[in-house]
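To start, the structure itself, in structure tokens.
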Amino acid sequence: GGLDHSVRIWSIKPLANKELEADESSHKMLCYLDQHQGAVNCVRWGVPDPKLGPCLASGSDDQTIVLWRQTAQVNSGFGTSHKSVEGWRSVGVLRGHEGDVTDLNWSYGDELLASCSVDNRVMIWDSVSHARVAVLSGHTNLVKGVVWDPVGTYLASQGDDRALIVWRTSDWAVHKRVEAPFKDSRQFSSTFFHRLSWSPDGQHLSAPHAYSAPKHIAAVLSRQEDWNMALSFVGHSQPVVVVRFNQFLFYPFTKPEKGGGGAGAGGDTTTASAAAAASASTPQVDTSARTSTFCAVGSQDCNISIWAT
């Protein structure tokens, strides 16, 4: 999505193939969509109905959210120089926000879609009926980020009121309001986005636009410690805008022991020795060890840092 009011769907195949990247005739842009009447601030993929394939949600300054699905008929591109090679059409427009839509996030399972806006509200939508399920009013300033708990118990949002709110999904009430990591960021101008992220096991929630003198940080809140800041990602010289956890948990590899095993009793000793040597030299995944997560942090200092926890 972009400031030109459009959504563009791109092929990622050229990214992994140098020949396709160099081929001027390869289709890098698959489709150009121009239904929005304002800048498009966010696009998110979901699969609310596997029978119908993926669904793309886009949120815009025109205060709407458009849901798109692929069709057999290729978009004509009438009135534009952008040529599409795939067909995508709008299957729903979600209206209710009274300001720019700044972020979107599908629930795990894609049954619900959360949106937030500069109207200070978070809205929950049914992904099938497109009905509005809930309106969450707890922020006192622009809301700029929203994310679902992978366990499904909570939803988190962050706004320009220097607060992060954890909402219960059972009754959509405020479960916890967190302000401490963000209070010192008042001395800096706000960023347009506060893209926060949950760790894949749901134990940690990382939030941008926090500050601990003399550095800008991404705060990491602990589920088990009543959402207090357990640690922080420190080092950026300008406000942090976005954080994103890799959605996989990682086990460490065990280092192969020096030397090798001998041949087993009976059988082909040469084959057995080779197999033992190969086994001894190949790192093994240690599933008994503590898992790790990885998180990327992006800042207005034009740098991205990668962190392991």
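As the structure is a prediction and not an experimental result, all values here were calculated from the model.
Scored by the side-chain hydrogen bond (donor to acceptor under 3.5 Å, both in side chains) test, Thr191 finds His194 as partners (sequence neighbours excluded). Under the rule for a salt bridge (Lys or Arg N to Asp or Glu O under 4.0 Å), the partners of Asp160 that lie at least two apart in sequence or sit in another chain are Lys144. Every residue meeting the side-chain hydrogen bond (donor to acceptor under 3.5 Å, both in side chains) condition with Asp201, not counting sequence neighbours, appears here in chain and number order: Ser199. In terms of the salt bridge (Lys or Arg N to Asp or Glu O under 4.0 Å) criterion, Lys28 has no residue partners (sequence neighbours excluded). Here His97 pairs with nothing under the ring pair (Phe, Tyr, Trp, His ring centres under 6.0 Å) rule; sequence neighbours left out.
A distance-only check finds a donor-acceptor pair linking the side chain of Gln37 to the backbone of Gln35 [under 3.5 Å]. With hydrogens and angles ignored, the 3.5 Å screen pairs a side-chain donor or acceptor of Thr169 with a backbone N or O of Thr153.
Remark: Glu111 CD is loosely packed, at most 12 non-hydrogen atoms of other residues, nucleotides or ligands lying under 6.0 Å away.
Residues Val43 and Val93 share a hydrophobic cluster, clusters being chains of Ile/Leu/Val/Met/Phe/Trp/Tyr side chains in contact below 4.5 Å. There is a path of hydrophobic side-chain contacts, each under 4.5 Å, that joins Phe294 to Phe248.
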Less than 3.5 Å apart, which donor and acceptor atoms pair up between the side chains of residues 237-245 and the rest of the protein, not counting sequence neighbours?
none

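Applying the under-4.5 Å side-chain rule to Ile, Leu, Val, Met, Phe, Trp and Tyr, the cluster around Val128 consists of that residue alone. Hydrophobic clustering, defined by side-chain heavy atoms of Ile, Leu, Val, Met, Phe, Trp and Tyr closer than 4.5 Å, groups Val174 together with Tyr108, Leu112, Val122, Ile124, Val133, Leu136, Val143, Val146, Trp148, Leu155, Ile165, Trp167, Trp172. Met123 belongs to a hydrophobic cluster whose remaining members, ordered by chain and number, are Ile65, Leu67, Val91, Leu94, Val101, Leu104, Trp106, Leu113, Trp125, Val135; membership requires side-chain heavy atoms of ILVMFWY residues under 4.5 Å apart, directly or through intermediates. Leu164 belongs to a hydrophobic cluster whose remaining members, ordered by chain and number, are Val147, Tyr154, Val166, Val178, Phe182, Leu196, Trp198, Leu205, Ile217, Leu221, Trp227, Met229, Val234; membership requires side-chain heavy atoms of ILVMFWY residues under 4.5 Å apart, directly or through intermediates.
Nearest heavy-atom pair across Ala39 and Ser60 is O-OG, 3.0 Å.
Atom NE2 of His5 and atom NE2 of His36 lie 10.5 Å apart (nearest 0.5 Å).
Within the structure, no pair that satisfies the salt bridge (charged side-chain N to carboxylate O under 4.0 Å, His left out) test touches residues 205-220, not counting sequence neighbours. Among pairs with a residue in residues 43-56, those fulfilling side chain to side chain donor-acceptor pair (under 3.5 Å) read Arg44-Asp103, at least two apart in sequence or across chains.
Asp301 and Ser299 share a side-chain donor-acceptor pair at under 3.5 Å. For the residue pair Ser197/Ser206, the side-chain donor-acceptor check at 3.5 Å is not satisfied. Between the side chains of Trp307 and Ser305, a donor-acceptor pair is found at a separation under 3.5 Å.
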